[in-house]
Amino acid sequence: MGKELITRVKGVKDILPAQSIRWLEVESLARLLFSTYNYQEIRLPVFEKTEVFARSIGETSDIVEKEMYTFQDRGGESLTLRPEGTASMVRAYVENSLYGRGGVQKYYYLGPMFRAERPQAGRFRQFHQIGAEVFGSDDPAVDAETILLLVTFLTGVGVGGLEVRLNSLGCPACRPSYRAALTAFLQTRLTRLCDNCRGRIGRNPLRALDCKSPSCQEAVKDAPVIGDHLCEGCRTHFGRVRALLESQQVAYALDPRLVRGLDYYTRTAFEVTSSRLGAQNAIAGGGRYNGLVEEFGGPPTSAIGFAVGIERLITLLEGGPDLEHAPDVFVVGAGESVLVDDKVFEVAQNLRVAGIFADRAFGGGKLKNQMKKADKSGAMVTVIVGDDELTKNVATVRIMKTGEQHSVPFDELAQWLSEFVNNEEQFEDDDFDG
RNA sequence: GUGGGUGUAGCUCAGCUGGUAGAGCUCUGGAUUGUGGUUCCAGCCGUCGCGGGUUCGAUCCCCGUCACUCACCCCA
């Protein structure tokens with residue numbers, strides 16, 4: 001106290017134990033499930049040369065225009081804290097010649113992303129994503145499988161009430177004609193568009209469809225729809241994606257306005273939203289980006305991917321009990337002698353080596369106070385080591401819930417406790433199922 | 001970058017047209033000798049975000065500033 005507090009940077013969070021447990025659960029499930037679909041992890045750097053993002057995400061995107069954490073390193077090179085994962089993934093795919101392995105490659109990543117935006121509910125300057133990318137196939141089954149993985153993951157971690165929105169953005173063959181039609185349409189209602197969209201018409205007219213400004217939404221209500229402009233290839237591709245999703249009862253809504261903020265998307269685009277999230281309601285988003293690998297100097301390679309926002313996912317999981325980890329066993333000492341202190345130290349260590357989650361009282365004091373610490377720790381069993389125990393060479397084991405106590409020889413203690421703990425956990429699981 | 005809301009003990013908050021602050025929880029100690037959770041008793045903790053102004057006097061009024069928060073833009 002007294003010294004001026006050093007606080008965290010705006011828009012970042014400390015994830016405390018009550019929450020970090022959930023994070024661990026979410027990440028573990030992701031790893032397991034993604035592996036089930038034959039994805040492998042790639043650990044990417046959190047910063048890259050600025051061109052990696054500037055080139056791929058699109059110069060006109062908000063991310064590149066105003067949201068990147070860009071700085072010069074000591075050599076004067078411009079570097080950027082990654083605002084998303086796909087660009088790094090593609091860079092790594094090309095740089096490591098992963099296309100040389102042939103066939104379809106599936107990778108996932110997980111970690112922090114950085115965007116210099118004004119924070120608000122569900123939006124942070126450092127946030128975390130779990131992302132998946134598939135390279136090497138334009139088969140609509142890949143699109144469907146990818147979306148299915150996403151949906152399976154989200155329901156698997158326990159979030160409900162989600163909406164999947166789906167659209168096709170066309171390809172270099174058909175998008176230009178749509179873009180022209182849309183631009184012509186927007187020109188006729190210039191006055192009704194917001195400043196932002198008016199400025200974007202020439203550079204990226206599709207974004208007007210996505211704009212949340214009421215006047216824009218009204219203005220684009222009967223704008224041309226991309227679906228009417230898809231080429232034969234894109235049309236059949238999209239139809240197949242939908243059919244496959246339907247075959248697995250994946251509920252989705254077609255949304256011709258879904259264009260996504262990043263420029264690299266082609267064909268399939270999708271987003272998962274929840275009405276329980278506030279204004280920033282997208283929990284995951286993704287799409288196909290068939291031109292990006294080539295853009296990075298690789299061979300022409302079809303690819304598709306998605307990213308899930310972990311913070312937003314966790315928000316939807318909140319409300320359950322706060323389960324902080326508690327040790328199974330807590331060791332206390334009765335008596336001030338060094339012998340007791342030594343024995344407590346030894347017992348705690350022996351239990352841990354035996355694989356038992358154990359902690360102990362520190363700082364000595366009366367048994368009563370140490371029992372309070374034992375209680376507060378949440379441990380189900382307390383091991384009492386005192387002068388009496390030392391002379392008899394047995395530990396006193398107290399079951400906290402019932403208050404019953406047992407005398408257990410020290411050399412049998414680890415065995416006794418691990419059996420007891422296993423039985424209790426078994427019992428709790430059975431109880432839980434019932 | 002723009003707008004709204006909030007800023008009082010570790011936490012959640014109270015504080016009536018302005019008279020320099022409380023409550024609950026937490027925490028610490030105690031209720032006789034080696035036994036926790038309940039109960040009872042006692043105790044600690046505040047530059048009322050910061051700076052200025054009005055006033056005899058401001059936590060409460062005014063101005064500024066900072067922080068947090070929500071929303072716009074956009075996205076995870």
Side-chain angles (χ1 to χ4, degrees), chain A residues 1-2 4-5 7-13 57-58 60-67 82-86 110-131 150 154 194-197 199-200 204 207 210-214 216 258-262 271-274 277-286 306-316 330 332-337 340 361 363 365-390 396-405:
Chain A
M1 301 293 267
E4 199 177 324
L5 208 57
T7 60
R8 68 186 101 94
V9 169
K10 183 200 286 290
V12 307
K13 281 262 195 288
I57 296 172
T60 65
S61 71
D62 280 15
I63 291 178
V64 172
E65 278 184 347
K66 55 183 194 192
E67 294 172 4
R82 63 177 181 188
E84 59 111 36
T86 298
L110 153 178
M113 306 293 161
F114 306 86
R115 265 129 88 159
E117 302 177 277
R118 271 288 241 283
Q120 72 184 72
R123 186 164 68 198
F124 314 99
R125 290 188 170 180
Q126 176 176 334
F127 61 101
H128 298 76
Q129 290 186 329
I130 300 174
L150 173 57
L154 293 175
C194 69
D195 294 348
N196 224 324
C197 288
R200 279 195 298 229
N204 197 344
R207 298 288 294 288
D210 217 17
C211 186
K212 281 179 189 156
S213 138
C216 289
L258 177 68
V259 300
R260 318 270 312 140
L262 285 57
E271 208 166 271
V272 182
T273 56
S274 165
L277 277 177
Q280 308 306 323
N281 62 356
I283 181 171
F306 66 77
V308 183
I310 307 184
E311 280 82 356
R312 293 182 186 176
L313 178 55
I314 299 278
T315 300
L316 292 175
F330 198 85
V332 304
E336 300 291 323
S337 80
V340 168
K366 291 198 240 179
L367 180 59
K368 184 184 180 70
N369 285 328
Q370 299 207 46
M371 288 305 291
K372 280 189 181 176
K373 291 174 186 172
D375 183 53
K376 219 164 68 176
S377 79
M380 61 173 127
V381 178
T382 299
V383 172
I384 300 167
V385 178
D387 297 321
D388 292 355
E389 282 78 5
L390 286 183
T396 298
V397 174
R398 181 179 178 87
I399 314 306
M400 297 303 269
K401 200 158 58 179
T402 61
E404 63 182 293
Q405 300 196 161

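By convention in this document, chain letters (A, B, ...) are assigned in the order of the sequence lines, proteins followed by strands, and residues within each chain are numbered from 1. The model shown is predicted, which means the values in this text are computed figures rather than measured ones.
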* Structure fact -> A:Met400 CE to B:U35 P, in whole Å, measures 13 Å

* Out of B:A76, B:C72, B:U35, whichever nucleotide has its closest atom nearest the side chain of A:Arg398 -> B:U35

* Asked: Taking the side chain from A:Arg115 and the backbone from A:Glu67, do they hold a donor-acceptor pair closer than 3.5 Å?
  -> no

* If you measure only the distance, is there a donor-acceptor pair under 3.5 Å linking the side chains of A:Gln405 and A:Thr396? -> no

* **Opposite nucleotide pairing with B:C16, Watson-Crick or G-U, both atom distances under 3.5 Å** => none

* Just call it for A:Ile283: base, sugar-phosphate, or nothing, with non-hydrogen atoms closer than 4.0 Å on any strand. => sugar-phosphate

* To do: Taking atom C1' in both B:C25 and B:U6, compute the distance separating them and give it to the nearest angstrom.
  => 22 Å

* Using heavy atoms to find the nearest nucleotide of RNA chain B for A:Met371 and A:Phe124 separately, return the residue whose nucleotide is more 5′. => A:Met371

* Structure fact -> Ranking B:U35, B:G34, B:C72 by distance to the side chain of A:Lys368, first place goes to B:U35

* Asked: Applying a 3.5 Å limit to both distances, which nucleotide forms a Watson-Crick or G-U wobble pair with B:U32?
  -> none

* B:C61 to B:G18 separation - P atoms, rounded to the nearest Å -> 8 Å

* Asked: Between B:G34, B:G37, B:A76, which nucleotide has the shortest distance from any of its atoms to the side chain of A:Gln129?
  -> B:A76

* Round to the nearest Å and state the distance from A:Lys10 atom NZ to B:U69 atom C1'. => 10 Å

* **Spacing between A:Arg115 atom CZ and B:C73 atom P, to the nearest angstrom** => 16 Å

* To do: Pick base, sugar-phosphate or nothing for A:Gly335, based on heavy-atom distances below 4.0 Å to the nucleic acid.
  => nothing

* Asked: Below 3.5 Å, does any donor atom in the side chain of A:Glu117 face an acceptor in the base of B:G1, or the other way round?
  -> no

* Please state how far atom CD in A:Glu311 lies from atom C1' in B:U69, giving the value in whole angstrom units. => 17 Å

* Asked: According to the Watson-Crick and G-U wobble definitions, with both distances under 3.5 Å, which nucleotide is paired to B:U54?
  -> none

* Hey, does the side chain of A:Arg312 reach the backbone of A:Ala282 with a donor-acceptor pair shorter than 3.5 angstrom? -> yes

* To do: Using a heavy-atom cut-off of under 4.0 Å over every strand shown, decide if A:Gly131 touches base, sugar-phosphate, or nothing.
  => nothing

* Asked: Do A:Glu117 and A:Arg125 sit within salt-bridge range, that is, some charged N less than 4.0 Å from a carboxylate O?
  -> no

* A:Lys372, nearest nucleotide to its side chain (from B:C72, B:G36, B:G34) -> B:G36

* Is any side-chain N or O of A:Lys366 closer than 4.0 Å to OP1 or OP2 of B:G34? -> no

* **Of the listed nucleotides B:G30, B:G36, B:G34, the one nearest the side chain of A:Asp387** => B:G34

* Structure fact -> Atom CD of A:Glu84 and atom C1' of B:C74 are separated, to the nearest Å, by 14 Å

* Asked: B:A71 pairs with which nucleotide, Watson-Crick or G-U wobble, both distances below 3.5 Å?
  -> B:U2

* Any side-chain N or O of A:Gln120 under 4.0 Å from OP1/OP2 of B:C70? -> no

* Asked: Which whole number of Å gives the distance between the P atom of B:A14 and that of B:A23?
  -> 16 Å

* Tell me whether the OP1 or OP2 atom of B:U69 has a side-chain N or O from A:Lys13 closer than 4.0 Å. => yes

* To do: Please state the C1' separation for the pair B:G3 and B:A21 - nearest whole angstrom.
  => 34 Å

* For the pair A:Glu311 (side chain) and A:Gly122 (backbone), establish whether a donor and an acceptor sit closer than 3.5 Å, ignoring hydrogens and angles. => no

* Contact class for A:Ala374 vs. all strands (heavy atom < 4.0 Å): base, sugar-phosphate, or nothing? -> nothing

* To do: Would you mind telling me which residue lines up with the more 5' stretch of RNA chain B, A:Ile310 or A:Ala379, judged by nearest nucleotide?
  => A:Ala379

* To do: For B:U2 and B:C62, measure between their C1' atoms and round to the nearest Å.
  => 24 Å

* To do: Mind calculating the distance between CG (A:Asn369) and P (B:C27) to the nearest angstrom?
  => 12 Å

* Structure fact -> With the side chain defined as heavy atoms from C-beta on, A:Thr396 is closest, among B:G37, B:C72, B:G34, to B:G34

* Asked: Which value, in whole Å, describes the distance between the P atoms of nucleotides B:C13 and B:U17?
  -> 23 Å

* Asked: So, does the side chain of A:Arg123 form a donor-acceptor pair with the base of B:A76 at under 3.5 Å?
  -> no

* Proximity to the side chain of A:Asp375 - top-ranked nucleotide from B:G36, B:U28, B:A71 -> B:G36

* Check: B:U35 base within 3.5 Å donor-acceptor of A:Gln370 side chain -> no

* Asked: Which part of the nucleic acid does A:Gln126 contact within heavy-atom distance under 4.0 Å: base, sugar-phosphate only, or nothing?
  -> nothing

* Structure fact -> Rounded to whole Å, the NZ-C1' distance (A:Lys376 to B:C25) equals 13 Å

* So, for A:Leu316 and A:Ser274, which heavy atoms are closest and what is the spacing to 0.1 Å? -> CD2-OG, 3.5 Å

* **Check: A:Pro112 main-chain N/O paired with A:Arg82 side-chain donor or acceptor under 3.5 Å** => yes

* Euclidean distance for P, B:U20 against B:G1 (whole angstrom) -> 41 Å

* Can you tell me how far P of B:C68 sits from CZ of A:Arg8, to the nearest Å? -> 8 Å

* Structure fact -> Mate of B:A76 across any strand shown (Watson-Crick or G-U wobble, both atom pairs under 3.5 Å) is none

* Looking for any heavy atom pair under 4.0 Å, which part of the strands does A:Gln405 touch: base, sugar-phosphate only, or nothing? -> base

* **A:Ile384 side chain near A:Met371 side chain, heavy-atom distance below 4.5 Å** => yes

* B:C48 to B:A9 separation - C1' atoms, rounded to the nearest Å -> 10 Å

* Closest to side chain of A:Glu67, choosing from B:G34, B:G36, B:C74 -> B:C74

* Would you check if A:Ile310 and A:Gln129 make a side-chain contact, meaning some heavy-atom pair closer than 4.5 Å? => no

* Asked: Is there a donor and acceptor pair, one atom on the side chain of A:Gln280 and one on the base of B:A71, closer than 3.5 Å?
  -> no

